[in-house]
Amino acid sequence: MPRPSRSSIEYLLSDLNAPQRTAVEHTDGPLLVLAGPGSGKTRVITRRAVHLALTVSRPERILAITFTNKAAREMRERIDATGIGEGMTVCTFHALCARLLRIHHERAGVDRSFTIVDRDDRRKLLKEAVVAVGLPTEQWRPAAIEPDISNAKNAMRSASDYSNAAYDWRTRTIAQIYGAYEHLLTRTACLDFDDLLMRVAILLREDVELRERLEERYTHVLVDEYQDTNAAQYQIVRLLTLDRSNLCVTGDPDQSIYRWRGADIGNILSFERDYPNADVIRLEQNYRSTKRILAAADALIAHNVSRKIKSLWTDNAQGPKVSVVEHESSVEEAQSVAAEIRSRIEAGTDAGEIAVFYRVNSLSRGIEEALMRAGIAYTVARGLEFYNRKEIKDVLAYLRILMNPADEVALLRIINTPPRGIGATTVKRLIERAIVEGRRLMDILTDNRDLSFLGRGAAKVRGFGELILSLAPVLQSPPGQAVERVVSESGLRAMYAEVPGSIGESDRTPLANINELASAATEFQDEFPDATVVDWLEHTALLGDADTMLGELRAVTLMTLHSAKGLEFEEVHIVGVEDGILPFRREEEEADEEEERRLCFVGMTRAKQRLTLSHARYRMLRGRTERKVRSPFLDELPEDAVESIRQGAVCKSSAPVPDRGRLPDDVALWENGTLVRHPLHGMGKIVSLEPGARRTQVRVLFQDGDTRSMILEFAPLERVDFYEYDEG
DNA sequence: AATATTCCCGTTTTT
DNA sequence: CGGGAATATT
C-alpha cells in the first residue's frame, strides 16, 4: 500500500471547493452530505473513499454502495484512476446482497444455487401463485398485486407479517397469494430483487456474529443516493455501521423520486436523528446550469414542505430565460420542439447534447414522429432492453436451468424452445407427475426412468433430458465458451438464424443479439479470468436497462423524467407540463404533489444552457383528445427567470419543418433496386419494400455494407439516378 | 403448432 | 391509439 504521501493527498483536495473539501477530509463518525444538483457529489464521494483509504483506513476495508451499476462503474473508474482503489468494494446494493447471500447461503437459509428472477419471471410466478391459491387471474392480475408484495418486502414484511396485518378482503387475499408466491420461490430456489435486500437485512439482524464480522471488516461505509433507500436498505446500512458509525451518506431529498418503489425520503430527512452526532455538509454551488435555470428550479422546489433547505447558487452565466411555451395541441408542441431542435443543431449544437423529457412514455410517440419528419436523428431510452429480449432470455434460461435445476420458470421457457415437439399437453402431464411424486420437474426429465405415461411425447422429452445432461459440463467452462456451446448445441442458433429480425427501428436480428451476448460473456471472462458461469449469470441478472442504453450516438435523446436523473444536457425540453400529467394524477387518486414537483425539479436541473417547458391546450391521449390545463408548477416559476410564449411566436420565427410525412409522388416507381441517397448513410439500394396501412417499410443496403430498415414516409431518402450512383 | 383475431388495459421502473 | 396476452382458427 502506498504511504499517505503529502502530495497525493494535496492532489486529492486540489480542485475542491470548501465544503467539498471538508466532506473529503472528514474521517470519523456519521456524515450527511446534502448535495444539490450539479454540485460535484460524485467527485466528493470518490475522493473521500480514496482519502480514507490513504489515511485512516485501507482500500479493502471501505465499502461504497450505489443504486445503479452505472454509478458503481463510474465510481470504480474514478477511484481506479487514482491508483489507490485496488481491493475496495464498490457495488450496488443488490450486487452486495447477492454476494453475501451466495457466500452465507447456509446462514441465510437460501439455496446455494439460487437464481435471481427478473420482473417477467416474477410475474409468471405470481400468476402461478394466484392459480395455486385458487383465484381467477383476471381478477387478481399479477401486475396489479406485484407492487403490494414488492412494497411489503421493501418494508421487510414477510408473508406472515403481511397476513397478520391484513385488514380487509383484498389484503387478506394478497396475503394468501404472497404466501403461495414465497412457497413457489422456495421450491424453485429463486429470489426476486426485493428478496436480495430483505434477506440480507434479516440475516444481519438475526445473525449477530456475521453482522459483527462484517462491521469489523468495513471500517467505513459510503452510500450514494441515500434519499432513495427503502426500509430494507436502511436496515442493511444501519446494521453494517452499528458500532463504529463511520457512515457517510450522500444525496438530495429534493431528488427523491422513487417513493412508489419503496424509497423513504424520511431516511435522509431524519439522518441526524438516527445518528445524533452526525455532521452535515451542504454542497450548494452548482457547476452545471445557468443562473436562470437554477433560479427557476430552485423557486419551484421551494414550494415543497418535506425537505431540507438548501440555497443553490452558481457562478455560471445568467443565460437565456427559461421558456414556458403554450401550444394549441400536442401535435404542434411536438412540431415546435422539433423545429427548435433543428435550428439549434443547425446553429452548431451537438444533437447528443439535446434531450426531450416527458412524464410518461406514451408522450414519446408524438415527439418521435415530429423528429422523424424533420429528419433529426434521435434515440429513445425506453424500458425494453437487451436482457429482456426473447432470444437473450432463452439462452440465459439454459444456463439457469443448468445451474439451478429447480428453476422451473427457466425450464418451462426452454422445454420447447427451439420447438422439439413437446407441446402443452405433454408439459401439463409432466407437471402433474411432478406434483404427484413431489419431485422436481427437472428430475423427472433426467432420471432416465419410465416416461411411458407421456405416450408419444416420451421420446421427445427423453431427448430433451439428455440434451440438458449433455450440456451440464458447460458450467465448468468459462462463460464465453459456455454460451457458445449452449447456443449451438441447443439449436437456438439454428432456430434464430432463420428469423429475419424484427421490423422497426432496431436493425439487430435475434442472431446478432445472441452473438453479442456471447461476446459479452467472453469480455466478462477476459476481465475476470477466474469467473465462473454462475458469476456471469449473476452479473447479467443484476444488470439493468440503464446500462445498455447509453450509446454514444450523436442523436437527440428522448426519455422519461425518471431516467433523466443523474444526466445532463446543454438543452432540455420538458413536454406535457400539464395538470394531470406533471403532476401526474390518476382518476380517483390524488397526486403526490411533492414527489411530482421533485420530478420536475430533477428534469429542469439537467439543463446546462437552455430549458424549455411546454404544454398544450389539447392533447391526444389513449386515442382521445383531451382538454388540458397548464401545470400549476409553471405558476411557481419566478417571472424574471422565465419567458412565457404562446405557440405562434416560436413557430413563425423558426424555419418551417420540411414535411416528409407523405409518400413521394412517384412512389409507385420505388421498388426493389431503386437507388437512394440518405443524408447520413450515403448511397444505397432498396432491397425490400413492404407497404403498410400507414407506413411503408423499406430495407436499404448502403455502400458501407450495412442494411438498415426505415419508414419510407419519414426517412430522409432521396431517389437518385443510376449515373449519379456510379459517380458517388 | 403456428397464425389470426379479439379483448383488455393503460405512471414512473435504479435492481 | 397501440401492445400484449388470451382465445380462436387453420
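All values below come from the heavy atoms of this structure, side chains included, with hydrogens, waters and symmetry mates left out. Lettering of chains follows the sequences in order, A, B, ..., and the numbering in each one begins at 1.
- For C:dA6, one of the phosphate oxygens OP1 or OP2 lies less than 4.0 angstrom from a side-chain nitrogen or oxygen of A:Lys127.
- Side-chain contact annotation: A:Asp394 with A:Tyr496, donor-acceptor N/O pair under 3.5 Å present.
- Taking the centre of each ring, A:Phe528 and A:His539 stay at or above the 6.0 Å mark.
- One can place CG of A:Asp120 at 14 Å from C1' of C:dG3, the figure rounded to the nearest angstrom.
- When each of A:Gly421 and A:Ala263 is assigned the nucleotide of DNA chain B bearing its nearest heavy atom, the one mapping closer to the 5' terminus is A:Gly421.
- Contact annotation: A:Asn69 side-chain N/O to B:dT14 OP1/OP2 distance is not under 4.0 Å.
- Within the structure, a side-chain polar atom (N or O) of A:Thr560 is placed less than 4.0 Å from OP1 or OP2 of B:dT13.
- You'll find a donor-acceptor pair under 3.5 Å spanning the side chain of A:Arg261 and the base of B:dT15, going by distance alone.
- Put simply, CG on A:Asp192 is 16 Å from P on B:dT14, counting in whole angstrom units.
- A distance-only check finds no donor-acceptor pair linking the side chain of A:Asp407 to the backbone of A:Ala189 [under 3.5 Å].
- Atom NE2 in A:His94 sits about 16 Å away from atom P in B:dT13, given to the nearest Å.
- C:dG2 atom P lies 13 Å from atom CG of A:Leu621, rounded to whole Å.
- Checking B:dT15, C:dG2, B:dT14 against every side-chain atom of A:Asp228, the shortest atom distance belongs to B:dT14.
- Relative to the six-membered ring of A:Tyr618, A:Arg627 meets both conditions, a distance below 6.0 Å and an angle of at most 45° to the axis.
- In A:Glu589, the CD atom is crowded: over 12 heavy atoms of neighbouring residues, nucleotides or ligands sit closer than 6.0 Å.
- Whole-Å rounding puts the A:Phe67 CZ to B:dT12 P distance at 21 Å.
- Computed from coordinates, the A:Met495 CE to B:dA1 C1' distance equals 13 Å when rounded to whole Å.
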What are the atom names and distances for every N/O pair under 3.5 Å that joins the protein to nucleotides 6-11 of chain B?
from: B:dT11; atom 1: O2; to: A:Arg359; atom 2: NH1; distance (Å): 3.2
from: B:dT11; atom 1: O2; to: A:Arg359; atom 2: NH2; distance (Å): 2.5

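- Both tests pass for A:Arg102 against the ring of A:Phe114: distance under 6.0 Å to the centre and angle within 45° of the axis.
- Residue-level contact check: A:Tyr258 touches the bases, meaning some heavy atom is under 4.0 Å from a base atom.
- Atoms CD (A:Glu369) and P (C:dC1) sit 13 Å apart, rounded to a whole Å.
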Apply side chain to side chain contact (heavy atoms under 4.5 Å, CB included) to A:Thr417 and A:Met495, showing your working.
-> CA-CA 9 Å; A:Thr417 309; A:Met495 170 183 157; 4.0 Å; yes

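- Nucleotide B:dT15 holds its P atom 15 Å from the CZ atom of A:Arg99, rounded to whole Å.
- Nearest to the side-chain atoms of A:Asn416 among the listed nucleotides C:dA6, C:dG2, B:dA1 stands B:dA1.
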